[in-house]
Amino acid sequence: MNTQSMLLLILLEPDTYSLIGWVVLLMLSVFVGVMLYLKPRRWMCWSVGTLMLVLWAAFIYGFYVGNKDLRVVEVEFESADLPPAFDGYRIVHFSDIHLEAFEGQRRDLLERVVDSIKAQHADMIVFTGDLQNRHPDEVKSFIDLLGSVKAPDGVYSVLGNHDYPDYLGTNDPFEISGLTGRSVENHQLLGWRLLCNSHHVIHRGNDSIVIAGMDNDGEGRFPQKGDIPQTLNHIRRNQFVVMLEHDPTSWRRKILPHCHAQLTLSGHTHGGQLNLLGWSPVSLRYQEYGGLYYMGNRALCVSQGVGGAIPFRLGVPPEIVVITLKKK
C-alpha cells in the first residue's frame with residue numbers, strides 16, 4: 001500500500017476528525033491568547049473571546065450532541081398514477097449509516113435508529129446506500145441489530161459510493177472484485193433485498209407498484225454504474241415506480257429524462273451536516289440535498305442520513321423519513 005493510500009485510510013477514520021478538531025481549536029485558542037496578551041485591547045478581547053466561545057460551543061455540540069439528535073420526518077407524496085390499493089402505503093426511508101462511525105460508544109444511536117424504524121410499522125423499508133464507511137468487515141458486529149429491521153413487503157437497498165472498495169486504495173482487480181462481492185453479501189446476511197440495476201413488483205390484489213434500484217450513479221470521482229434500461233426492463237410506462245438511487249444528482253441527469261419513475265429516493269449528501277441560519281455549504285454543489293423536491297408531478301426525496309464519515313452535525317440532525325403514498 002502506497003503512502004497516499006495509507007493517508008486516505010487514516011483520514012477516513014471517524015475519530016480522526018474529532019481529534020483534528022480538538023488540536024486545531026486548542027492551537028487557535030493558545031495563539032489568540034498570546035496575541036491578546038501581547039496587544040491587549042478591550043474591544044478586541046471581547047470580540048475575539050466571543051468568537052472563540054462560539055467555535056468551542058459549535059464544536060462540542062456538533063460532535064457530542066448534534067450527531068445524536070435523531071428525528072423522524074414524515075412526508076406525503078401524492079400521485080394520480082398511484083394504484084388505489086396503495087393509497088396510504090407507508091415507506092420508511094433511511095440512508096448513509098457509515099457503520100464504522102457507530103462502533104464503540106456511538107452504537108446506542110444506531111440502536112435508537114433501529115427502534116424508531118420498527119416503531120413506524122411501515123409496509124416497506126428502503127435503504128439508499130453507504131452501509132459501510134470503508135470496509136465490508138464493518139458490518140459483522142451489526143448483523144443482528146440491522147437484521148432485525150423487517151417489514152411486511154420487505155427491506156430493499158442499493159449500494160452507495162462508500163460500498164465500493166474505492167476508499168481502500170487498492171488497484172488489484174481481484175481484490176476489488178472480492179471486496180465488492182462481500183459488500184453485496186452483507187445485504188443478503190441482513191435479509192435485505194439488494195437492487196443492483198434491478199426491480200421488484202409489490203402486489204395488492206390486482207394492483208401493483210414497482211420498487212427499483214440503480215447502482216450508484218454520481219458525478220466526478222464517484223462511481224457511475226447506473227443503468228436505467230436494465231433497472232426497468234419489462235416495466236410498462238403506466239406502472240407506478242419508486243426508484244432508489246444513492247446519489248441525488250442522477251435524478252436530473254438520468255432518471256427524469258430517461259424513465260418515468262414517479263418518486264425517487266436518495267441520500268449521499270448528509271444535508272451537508274452543517275446548517276447555519278438556513279444555509280448549508282452543500283448547497284454550493286447540490287441542487288437537491290435534503291427534503292422533498294418536485295419537478296412537475298414527479299418528486300425526489302433526499303434523506304439527510306443517520307451517520308457519516310465525520311461524526312459531526314450542526315443544524316442537520318440524523319433522520320429517518322416516513323413517506324406516505326397518497327392517491328391524487
Side-chain angles (χ1 to χ4, degrees), residues 12-22 57-74 91-122 125-151 155 157 160 162-163 167 186-187 189-192 246 265-275 280 282 289-291 301-323:
L12 283 173
E13 171 66 41
D15 289 330
T16 299
Y17 295 103
S18 57
L19 177 61
I20 291 173
W22 278 109
F59 170 77
I60 292 173
Y61 180 87
F63 272 100
Y64 302 103
V65 180
N67 69 328
K68 298 180 180 180
D69 187 22
L70 178 68
R71 69 175 182 177
V72 177
V73 180
E74 297 202 17
I91 302 172
V92 164
H93 172 207
F94 71 119
S95 189
D96 297 270
I97 298 179
H98 296 265
L99 277 171
E100 187 179 28
F102 288 100
E103 294 174 350
Q105 296 180 351
R106 299 191 189 97
R107 185 185 177 97
D108 65 317
L109 173 59
L110 191 58
E111 293 173 350
R112 287 169 50 212
V113 169
V114 170
D115 289 341
S116 295
I117 292 173
K118 292 177 179 178
Q120 307 311 313
H121 302 291
I125 298 170
V126 300
F127 175 74
T128 50
D130 280 1
L131 177 63
Q132 66 194 43
N133 191 44
R134 295 182 294 177
H135 200 284
D137 286 350
E138 297 167 25
V139 182
K140 287 182 179 179
S141 58
F142 296 96
I143 288 178
D144 289 341
L145 177 61
L146 292 175
S148 68
V149 172
K150 301 182 185 301
V155 182
S157 58
H162 278 261
D163 296 315
Y167 296 89
N186 281 334
H187 289 251
L189 291 174
L190 293 173
W192 299 359
H246 178 68
L265 308 181
S266 297
H268 182 60
T269 68
H270 306 182
Q273 297 185 213
L274 173 66
N275 190 300
S280 173
V282 77
Y289 57 89
C301 183
V302 184
S303 169
Q304 296 178 164
V306 297
I310 303 176
F312 174 93
R313 285 180 180 257
L314 181 62
V316 187
E319 67 178 22
I320 65 170
V321 183
V322 183
I323 303 164

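Side chains are part of it too, since the values below use all heavy atoms of this structure and drop only hydrogens, waters and symmetry mates.
In this structure, Glu103 does not pair ionically with Arg107, as no charged nitrogen and carboxylate oxygen lie closer than 4.0 Å.
If you take CD1 on Ile143 and CG on Leu189, they are separated by 5.0 Å, rounding to the nearest 0.5 Å. A distance of 8.5 Å separates NE2 of His246 from OG of Ser266, quoted to the nearest 0.5 Å. Note that the CG atom of Leu70 and the CZ atom of Arg313 stand 10.0 Å from one another [nearest 0.5 Å]. Rounding to the nearest 0.5 angstrom, the gap separating the OH atom in Tyr61 from the CG atom in Asn67 is 9.5 Å.
Closest heavy-atom contact between Gly271 and Ser280: O-OG, 3.2 Å. Looking at every heavy atom in both residues, Phe102 comes nearest to Arg106 through CD2-O, 3.4 Å. Taking each heavy atom of Leu109 and Pro318 in turn, the nearest pair found is CD2-CG, 4.4 Å. Of all heavy-atom pairs between Asn133 and Glu100, the closest is ND2-OE1, 2.8 Å. Contact record, Asp130 with His162: OD1-N, 2.8 Å, taken as the closest heavy-atom pair. Of all heavy-atom pairs between Gly308 and Ala101, the closest is O-CB, 3.3 Å.
Val92 is not listed as a side-chain neighbour of Val321, based on a closest heavy-atom distance of 4.5 Å or more. Proximity of His268 to Ser95: side-chain heavy atoms (C-beta onward) are nowhere separated by under 4.5 Å. A heavy-atom distance below 4.5 Å is not found between the side chains of Gln304 and Gln273. With a 4.5 Å cut-off on side-chain heavy atoms, Val316 and Leu274 do not count as touching. Side-chain contact check for Phe127 versus Leu146: every heavy-atom pair is 4.5 Å or farther apart. Contact annotation: the side chain of Ile125 approaches that of Val149 to within less than 4.5 Å [non-hydrogen atoms, C-beta and beyond]. Side-chain contact check for Leu131 versus Leu99: some heavy-atom pair is nearer than 4.5 Å. Considering only heavy atoms from C-beta on, Lys118 comes within 4.5 Å of Ser148 through its side chain.
Side-chain N or O atoms of Thr269 include one that pairs as donor or acceptor with a backbone N or O of Tyr289 at under 3.5 Å. The main-chain N or O of Asp96 is never found under 3.5 Å from a side-chain atom of Thr128 such that the two would form a donor-acceptor pair. Side-chain N or O atoms of His135 include one that pairs as donor or acceptor with a backbone N or O of Asp137 at under 3.5 Å. A donor-acceptor pair under 3.5 Å is formed between the side chain of Asp163 and the backbone N or O of Gly160.
For the salt bridge (Lys or Arg N to Asp or Glu O under 4.0 Å) test, residues two or more places apart in sequence or in another chain that qualify with Glu319 are Arg71. In this structure Phe312 satisfies the ring pair (Phe, Tyr, Trp, His ring centres under 6.0 Å) test together with Phe63, sequence neighbours excluded. By the salt bridge (Lys or Arg N to Asp or Glu O under 4.0 Å) test, Arg112 is found to be paired with no residue, residues two or more places apart in sequence or in another chain being considered.
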- Message: What verdict does the side-chain contact (heavy atoms from CB on, under 4.5 Å) test give for Val72 and Gln120, after you've listed the backbone C-alpha separation in whole Å, the side-chain angles of each residue and the deciding distance to 0.1 Å?
- Response: CA-CA 9 Å; Val72 177; Gln120 307 311 313; 4.0 Å; yes

- Can you list the steps and then say if Leu265 with Ser303 is a side-chain contact (heavy atoms from CB on, under 4.5 Å)? CA-CA 8 Å; Leu265 308 181; Ser303 169; over 6 Å; no

- Query: Can Ile97 and Leu110 be said to form a side-chain contact (heavy atoms from CB on, under 4.5 Å), step by step?
  - Reply: CA-CA 8 Å; Ile97 298 179; Leu110 191 58; 4.0 Å; yes

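Using a 30° and 60° split on the angle between ring planes, His187 and Trp192 fall in the perpendicular class, above 60°.
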